[in-house]
Amino acid sequence: LRIAVLVETPPDEHRVAVVPESVARLIAAGAEVRVQRGAGAAARFPDTAYEAAGATVHDGAAEVLDGAGVVARVRRPSEVEARALPEGSILVCLMQARAQPDPLPTILAERRISALALERVPRITRAQAMDVLSSQSTVAGYKAALVGAAELDRFLPMLTTAAGAIAPARVFVIGAGVAGLQAIATARRLGAVVSAFDVRAAAAEQVQSLGATFVASQAIAPDAEAAGGYAAEQSGDEQERTRRTLADHIPNMDLVITTAQIPGKPAPSLITRDMVISMKPGSVIIDLAAESGGNCEMTKPDQTVEEVGVRVMGPTNLAATVPFHASQMFSRNVATLLLHLMSDGGIELDPDDEIVAAMLVNPAAGAAA
Ligand code: NAI
């Protein structure tokens, strides 16, 4: 089985899908790994490290793709790149389309390519180590707290100095899932006074165990947790009560980090323009749900919007700004998935496998590589 690792082409993408440590694991399991020259450079994994791990490094994408059974990427290929993938191969990457209609499934079907969409790893215990959404949310939540700290014109910690006492900043995290919990932990380490809100009642204990306060809302129904630990969508009335809770709490906050998502649906719109302008000038909102519509009605993806001195930021790819560790985690997820699929030196995509069934975008007939 030949696995191809390519240079990521989107300009804001600094991660790489497979790092040298995983190359060694895949080779030990019987695979051959070809890496495009410079694929790991932006994430600080030099070509020499890939060679030392047993991969071969090649100049052009065509050479890397020649005879490949599996093509591993972080981001989805462009249309041109998809047409260059070997016929009958298996593509493993994040497949989310920004625009609809999405031409990629048709191109892949024409070329009998089976795509495994990494954002669809099922939320079951045995797939946890393959879950790139969780690993990359960890990175994004951490970085959101750091970006927020850097953007504020005040300290996060309480300080007692010869120049007098400084009050700590107040940080509010909305959505206490993987990203939110990491943002809470990071803001706490920086000394902020942190509070958090989630519609899942189970999140309260996790928030409190990190030393933050859980903001309670009457909106929390016993069924706010859906299958797999995800949140269920709120009814109109519940959403209204959530908004009232947030409207009371937000005016006193210096930094708000939002991470609320409902799988497969647009992000819940929770922060209105009125709430934004109720904040003190200099306050910052970082909306990690920007790509799926935003938790704040003023959010614009990858832009900063300013209103009465309050800045609303909508970064969509914070994980790529911590490329070394984000790639290491992503790559461990991908390698665990590939090792799960590999047998006798090849790969069979068994549609009866719960993990394959959930991830398969384009089941090429009898896919095997
Ligand atoms: P997510 O990215 O889908 O959502 C982020 C958070 O937003 C969730 O905590 C959700 O409850 C919250 N949220 C949704 N609507 C909201 C609203 N209107 N107001 C406030 N908050 C709202 O979720 P994520 O971070 O991927 O994980 C959610 C849960 O699933 C966690 O308990 C996590 O531990 C669990 N999980 C389990 C996995 C497994 O078993 N393999 C893998 C990943 C997560």
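Atom set for the values below is all heavy atoms of this structure, side chains included, hydrogens, waters and symmetry mates excluded. Remember, predicted model here, so these are calculated numbers, not experimental data. For ligands, and for the atoms within them, numbers begin at 1 and follow the listed sequence.
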Asp302 side chain vs Thr316 backbone, donor-acceptor pair below 3.5 Å
yes
Table please: side-chain donor-acceptor pairs of residues 305-313 below 3.5 Å, with sequence neighbours left out.
residue: Glu307; atom: OE2; partner: Arg273; partner atom: NE; Å: 3.4
residue: Glu307; atom: OE2; partner: Arg273; partner atom: NH2; Å: 2.5
residue: Arg311; atom: NH1; partner: Glu151; partner atom: OE1; Å: 2.6
residue: Arg311; atom: NH2; partner: Glu151; partner atom: O; Å: 3.1

For the 3.5 Å polar cut-off, considering only N or O atoms, please tell me whether Arg200 and ligand 1 meet it.
yes
Polar contact flag for Arg123 and ligand 1 (N/O pairs, less than 3.5 Å):
yes
Give the numbers and elements of all ligand 1 atoms closer than 4.0 Å to a heavy atom of Asp131.
42 (C), 43 (C)
Hey, can you pull the donor-acceptor pairs under 3.5 Å for the side chains in residues 160-186, sequence neighbours left out?
residue: Thr161; atom: OG1; partner: Ala163; partner atom: N; Å: 2.9
residue: Thr161; atom: OG1; partner: Gly164; partner atom: N; Å: 3.4
residue: Thr161; atom: OG1; partner: Gly164; partner atom: O; Å: 2.9
residue: Thr186; atom: OG1; partner: Gln182; partner atom: O; Å: 2.7

Going by the atom numbers of ligand 1, which of them fall below 4.0 Å from some non-hydrogen atom of Phe197?
19 (N), 20 (C)
With a heavy-atom distance limit of 4.0 Å, tell me whether Ala260 approaches ligand 1 through its side chain, its backbone, both, or neither.
both
Between Glu238 and Arg241, does at least one N-O distance fall below 4.0 Å, as a salt bridge requires?
no
We want to know whether His340 and Asp353 form a side-chain donor-acceptor pair, criterion being a heavy-atom distance below 3.5 angstrom.
yes
Any heavy atom of Leu133 sitting closer than 4.0 Å to ligand 1?
no
Number the atoms of ligand 1 from 1 as they appear, then name those within less than 4.0 Å of a heavy atom of Ile124, with their elements.
41 (N)
Can you check whether Val178 has an N/O within less than 3.5 Å of an N/O in ligand 1?
yes
Would you call Asp248-Arg244 a salt bridge at under 4.0 Å N-O?
no
May I ask you to decide if the ring planes of Phe45 and Phe324 are parallel, tilted or perpendicular, using 30° and 60° as cut-offs?
parallel
Say whether, by atom type as modelled, one donor and one acceptor occur between the side chain of Gln136 and the main chain of Ala326 under 3.5 angstrom.
yes
So, does Ala176 sit close enough to ligand 1 that a heavy atom of it is under 4.0 Å from the ligand?
yes
For atom 6 (C) of ligand 1, which candidate among Asn295, Asp198, Ile262 holds the nearest heavy atom?
Asp198
Any nitrogen or oxygen of Leu270, main chain or side chain, under 3.5 Å from a nitrogen or oxygen of ligand 1?
no
Are Ala127 and ligand 1 in contact, using a heavy-atom cut-off of under 4.0 Å?
no
